[in-house]
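Here is the structure we will look at.
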Amino acid sequence: MNLPMMPSVRGLSAVATMGLAVLSAAPAAADDFAVLNGAIVEDYLLPRYETLADAGSALDAALRQDCGAGTLATDPSIAAYHRMADAWMAVQHLRFGPSELFLRADRIQFWPDKRGITGRHLGRLIAEADPAALEPQRFAQGSVAVQGLPALERLFFAPPEGADPAFACDVAVAIGANLKSIAGGMLADWREGPAPYAAVIRSAAEGNASYMDAKEASLQFAKALRAALVATTDLKLDRPLGTSAEAVKPRRAESWRSARSLRNIRINIETAEALYEGEGRGGFAALLRRQAAGETVDQDIRAAFAQARSRLDALPDSLQAALDQPDGWQRLDDLRGDLRGLLALLSGPFSQTLDLPLGFNSFDGD
């Protein structure tokens, strides 16, 4: 289906600026935010962390089986890697609560790695070939650069020269076990124990040590929505694309070795849109439409998401493959413009209508 094209990023920025001047809606009620938070936790967040934990278990099992047979980077292991990466992309933007504990997010994916730390630390680990370094507790307390998906990606698609295949397999198994542990720990902290973080979100309406009220917890989710798009534009597109087709640096792209840079972005946008639209009992979109002038803002945001998805559907998973097309850089730049326009809508009319000041997040600036 051919979708109508949205205005350029400059045009959307103008729309957002105009929206700030004309929107005067009363903020949503406290009960509205409490209902929203409960729906997001139950219908959006917990299922995605369950998927991540399942993917971690499947990856651990696949690596143990393949390396038990003396092989690495077989089809089952690579498929399990992609499944884990897909699941991580769906929660990558949720940088709060259990994700922050024990550097879990960085241990799953140490990226961007501007100084090549992963390559150096992984090369050293393999060169030393010390089995004791792979003991679960010691490995989990060691360099975050070798604990997660980027290190496993290197082992599969660009292994260090001269690596002993048997020890490289042992490292892969250690990474798989580590990822299973981290993913399982995040899920457990969300839904189990004496103070599960899901209960912290639900009890925000009465106030707790983490949130003054339900609205502040909703603001956390709104910031996560914006963070998904900031990471996509500032890190995943700006860094490799540069300012012109002559300035591209494809190896700055996320997951370029496994040729899944745009696949990651596609998942990021889909999960951001799902957070906005809501799953099951509703999300930000339904709350927005109940506010004065909110229906127009909602229509603009929906159209912006649809346009970004339409552009992505016409591109391969690999950013390099997209750049190899005659108009590849321009099409990627157009996508970048779409996403910046969407960010302008979120930071302007969306934020103003719901009285949710988005401010900054962990992905801003770097």
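Everything numeric in this text was worked out from a predicted model, so none of it was measured. Nothing fancy with the numbering, it's 1 onward along the sequence.
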Close side-chain approach of [X] to [Y], heavy-atom, < 4.5 Å:
X	Y	value
Ile175	Phe139	yes
Asp213	Glu206	no
Phe221	Leu45	yes
Val35	Arg281	no
Gln220	Glu216	no
Phe33	Leu356	yes
Arg340	Asp238	yes
Tyr49	Leu187	yes

Gap separating the [atom1] atom of [X] from the [atom2] atom of [Y], nearest 0.5 angstrom:
X	Y	atom1	atom2	answer
Leu134	Asp170	CG	CG	6.5 Å
Glu135	Asp130	CD	CG	8.5 Å
His82	Leu59	NE2	CG	11.5 Å
Ser99	Arg107	OG	CZ	11.0 Å
Lys236	Met89	NZ	CE	4.5 Å
Leu275	Asp43	CG	CG	12.0 Å

Are any of the side-chain nitrogens in [X] or [Y] under 4.0 Å away from the carboxylate oxygens of its partner?
X	Y	result
Arg154	Asp113	no
Asp86	Arg260	yes
Arg336	Asp333	yes
Glu50	Arg191	yes
Glu273	Arg309	yes

_More than 12 heavy atoms from other groups under 6.0 Å of CG on Asp75_ = no
*asked:* Heavy-atom count check: over 12 atoms from other residues, nucleotides or ligands less than 6.0 Å from Arg290 CZ?
replied: yes
Do [X] and [Y] share a hydrophobic cluster, counting only Ile, Leu, Val, Met, Phe, Trp and Tyr and linking them when any side-chain heavy atoms are less than 4.5 Å apart?
X	Y	result
Ile108	Ile78	yes
Leu219	Tyr211	yes
Phe110	Phe102	no
Val230	Val91	yes
Ile265	Trp329	yes

Look at the side chain of [X] and the backbone N and O of [Y], then say whether any donor-acceptor pair between them is shorter than 3.5 Å.
X	Y	answer
Thr271	Asn268	yes
Asp60	Gly56	no
Ser258	Ser255	yes
Ser347	Ala344	no
Gln147	Gly142	yes
Ser310	Ala306	no
Arg266	Leu312	yes
Arg252	Gly242	no
Arg239	Pro112	no
Asp298	Arg289	no

*Test salt bridge (Lys or Arg N to Asp or Glu O under 4.0 Å) on Lys215 and Asp355 and set out the steps.*
CA-CA 9 Å; Lys215 182 178 178 180; Asp355 191 29; 2.6 Å; yes
Looking only at heavy atoms, what is the nearest atom pair of [X] and [Y], with distance?
X	Y	value
Leu225	Ala272	CD1-O, 3.2 Å
Asp32	Ala28	OD2-CB, 3.9 Å
Phe284	Ser218	CZ-O, 3.6 Å
Arg104	Pro98	NH1-O, 3.0 Å
Leu155	Leu72	O-CD2, 4.1 Å
Pro76	Ala62	O-CB, 4.1 Å

*Step by step, work out the side chain to side chain contact (heavy atoms under 4.5 Å, CB included) result for Trp256 and Gln320.*
CA-CA 8 Å; Trp256 64 269; Gln320 181 63 68; over 6 Å; no
_Sole residue of Glu279, Glu42, Glu270 in salt bridge (charged side-chain N to carboxylate O under 4.0 Å, His left out) with Arg48_ = Glu279
*Should the ring pair Tyr197 and Phe96 be called parallel, tilted or perpendicular, given that the plane angle runs from 0 to 90° and is split at 30 and 60?*
tilted
_Just checking Tyr276 against Tyr44, ring centres under 6.0 Å apart?_
no
